[in-house]
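What follows is one structure encoded as structure tokens, with my remarks underneath.
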Amino acid sequence: MGKITETVKALIIINIIFFVGAYFLGERATTLFALWFPQNPNFHIWEIITHMFMHGGLMHILFNMFMLYMFGSILENYLGQSRFLFLYFSSGLGAAGLQILFSYVGFHSAFEQFLAAGVSSDQIYDMLNNVNFLGNGSIQYMSFSGVDPAAAEQLISTFWTPMVGASGAIFGVLMAFALIYPNIPLYIMFIPVPIKAKYLIGGYFLLNLFSAVTGITLLGPSNTAHWAHIGGAVIGFVTMWIWKKNQFDQNRWN
């Protein structure tokens, strides 16, 4: 492994600063910097960027920063600082965009069930704004006859679950790495044989796609934003594919 680049080092330091700051600020940090559902009163436009530096726990940030450390410097040495930063942040934005899109689909599907049961929009938002989150993980909310409890839970979960983490940006880095260095052997814990990058990273993408489509989480916690992972991976792959293709064309004609 080569020396860590200054850009990757700076990204890791910023993530650590946010993590430590969030520890001391508590819920205030989540309110201000996590990415909330756009119709939630906690939503602010800057959260589209700041959520990439927020993390849900120690293992979350350790895993993401380890991946950035392992693959980021190699990719930056290949791309240069400007292109690396563009790929990193565009992947993070793509992750947020796809997650919000599918959140909207689920939210409005549940919202329509409330309307079909005769519940007004004002009543729905009044319910959402007065949800009581209990210490044991359960919630109390205003119920309405004719509304499936599963629809209410989906509506509340989408509205009140913020998105945090650099995972989408990291996944973009991983996919770009696999495209540039597809046959580099990688080792994974508990598997004693090397696996080529294209198979290991590609397999990780497929696991996330399966979880996003089925709702069955195979890796990570149950509240993992799988569509965000997919969004970041797709942006990273497409961006790197375009750059690689253009580089090939330039080399061919020069």
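As a basis for the values below, the full set of heavy atoms in this structure was taken, side chains included, without hydrogen atoms, waters or symmetry mates.
The 12-atom threshold is exceeded at CE of Met142, counting heavy atoms of other residues, nucleotides or ligands nearer than 6.0 Å. Remark: Tyr125 OH is packed, more than 12 non-hydrogen atoms of other residues, nucleotides or ligands lying under 6.0 Å away. By the 6.0 Å contact criterion, CZ on Phe86 is open, its count of non-hydrogen atoms from other residues, nucleotides or ligands being 12 or less.
Side chain of Lys244 to main chain of Leu179: a donor-acceptor pair is present (N/O by atom type, distance under 3.5 Å, no hydrogens or angles). A donor-acceptor distance shorter than 3.5 angstrom exists from the side chain of His44 to the backbone of Asn42, with no hydrogens or angles considered. Ser73 places a side-chain N or O within 3.5 Å of a backbone atom of Thr5 that can act as its donor or acceptor partner. A donor-acceptor pair is defined here as one N or O able to donate and one able to accept, closer than 3.5 Å; such a pair exists between the side chain of Thr158 and the backbone of Gln154. Counting only distance, with no hydrogens or angles, the side chain of Asn15 and the backbone of Leu11 share a donor-acceptor pair below 3.5 Å. Proximity of a side-chain donor or acceptor of Asn40 to a complementary backbone N or O of Phe159 within less than 3.5 Å is detected.
For the pair Phe19 and Leu62, the minimum side-chain heavy-atom distance is 4.5 Å or more. The closest side-chain heavy-atom distance from Asn183 to Lys198 is below 4.5 Å. Considering only heavy atoms from C-beta on, Leu207 stays 4.5 Å or farther from His226 through its side chain. Residues Pro162 and Thr30 have side chains in contact (heavy-atom distance under 4.5 Å, counting atoms from C-beta outward). Put simply, the side chain of Pro41 reaches to within 4.5 Å of the side chain of Asn129, judged on heavy atoms.
Note that CG of Asp126 and OG of Ser121 are 12.0 Å apart. Values are rounded to the nearest 0.5 Å. Separating the CD atom in Glu76 from the OH atom in Tyr88 is a distance of 12.0 Å, to the nearest 0.5 Å. To the nearest 0.5 Å, the span separating CG on Leu79 from CD1 on Ile74 amounts to 12.0 Å. Atoms CG and CZ, from Leu35 and Phe43 in turn, are 6.5 Å apart once rounded to the nearest 0.5 Å. Atoms CE and CD1, from Met175 and Ile230 in turn, are 10.5 Å apart once rounded to the nearest 0.5 Å. Separation of atoms CD1 (Ile216) and CZ (Phe210) is listed at 4.5 Å; rounding is to 0.5 Å.
Listed here is the closest heavy atom pair of Val8 and Gly72: CG2-C, 3.6 Å. Nearest heavy atoms, Gly172 versus Ser91: CA-OG, 3.4 Å. Heavy atoms only, all atoms of each residue included: Lys196 and Pro182 are closest at CB-O, 3.7 Å. The heavy-atom pair separating Ala176 from Gly236 by the smallest distance is CB-O, 4.1 Å. Across Thr239 and Ser90, no two heavy atoms sit closer than the pair OG1-OG, 4.4 Å. Minimum heavy-atom separation, Ala22 to Ala29: CA-CB, 3.7 Å.
Listed by chain and number, the residues in a ring pair (Phe, Tyr, Trp, His ring centres under 6.0 Å) with Phe177 are Phe71, Tyr181 (sequence neighbours excluded). Gln140 meets the side chain to side chain donor-acceptor pair (under 3.5 Å) test with Asn132; sequence neighbours excluded. Residues passing the side chain to side chain donor-acceptor pair (under 3.5 Å) test with Gln113: none are found, sequence neighbours excluded. Looking at residues two or more places apart in sequence or on another chain, you find no side chain to side chain donor-acceptor pair (under 3.5 Å) involving Glu153. With sequence neighbours excluded, no residue forms a side chain to side chain donor-acceptor pair (under 3.5 Å) with Ser103.
Relative orientation of the Trp36 and Trp160 rings is perpendicular, given thresholds of 30° and 60° on the angle between their planes. Ring geometry for Phe171 against Phe205 counts as perpendicular: the plane angle is over 60°, on a 0 to 90° scale with 30° as the lower cut.
No single ILVMFWY cluster, assembled from side-chain heavy atoms under 4.5 Å apart, contains both Ile13 and Phe24. At a threshold of 4.5 Å between side-chain heavy atoms, the hydrophobic network of Ile, Leu, Val, Met, Phe, Trp and Tyr places Leu209 and Ile235 in two separate groups. Transitive grouping of hydrophobic side chains (ILVMFWY, heavy atoms separated by less than 4.5 Å) keeps Val234 and Val105 in distinct clusters. Cluster membership check: Ile17 does not share its hydrophobic cluster with Leu85, using side-chain heavy-atom separations under 4.5 Å among Ile, Leu, Val, Met, Phe, Trp and Tyr. In the hydrophobic clustering of this structure, Tyr187 does not group with Val193; members are Ile, Leu, Val, Met, Phe, Trp, Tyr whose side-chain heavy atoms approach within less than 4.5 Å, directly or through other members.
Note: Phe84 and Tyr78 fail the aromatic proximity criterion, with ring centroids not under 6.0 Å apart. Checked against the 6.0 Å centroid threshold, Phe111 and Phe107 count as a close aromatic pair.
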- Message: Applying side chain to side chain contact (heavy atoms under 4.5 Å, CB included) to Ile100 and Tyr104, what does each step give before you reach the verdict?
- Response: CA-CA 6 Å; Ile100 288 174; Tyr104 258 113; 3.7 Å; yes
- Evaluate the side chain to side chain donor-acceptor pair (under 3.5 Å) criterion for residues Gln123 and Ser120: first the C-alpha distance (whole Å), next the side-chain angles of each, then the deciding distance (0.1 Å), finally the verdict. CA-CA 5 Å; Gln123 288 176 307; Ser120 70; 3.3 Å; yes
- Could you go through the side chain to side chain contact (heavy atoms under 4.5 Å, CB included) check for Gln39 and Leu128 one step at a time? CA-CA 11 Å; Gln39 290 178 248; Leu128 288 172; over 6 Å; no
- Item | Candidate pair Lys245 and Ile242, rule side chain to side chain contact (heavy atoms under 4.5 Å, CB included), full reasoning | CA-CA 5 Å; Lys245 180 177 181 296; Ile242 292 171; 5.8 Å; no
- Task: For side chain to side chain contact (heavy atoms under 4.5 Å, CB included), just list the numbers for Leu32 and Leu25, CA-CA rounded to whole Å, side-chain angles, deciding distance to a tenth of an Å, and then say yes or no.
- Result: CA-CA 10 Å; Leu32 287 174; Leu25 289 175; over 6 Å; no
Under 3.5 Å, side-chain donor or acceptor atoms of residues 49-56 against the rest of the protein: list the pairs with distances, not counting sequence neighbours.
residue, atom, partner, partner atom, Å
Thr50, OG1, Phe33, O, 2.8
Thr50, OG1, Trp46, O, 3.3
His51, ND1, Glu47, O, 3.0
His51, ND1, Ile48, O, 2.9
His55, NE2, Asn64, ND2, 3.1
His55, NE2, Ala166, N, 3.4

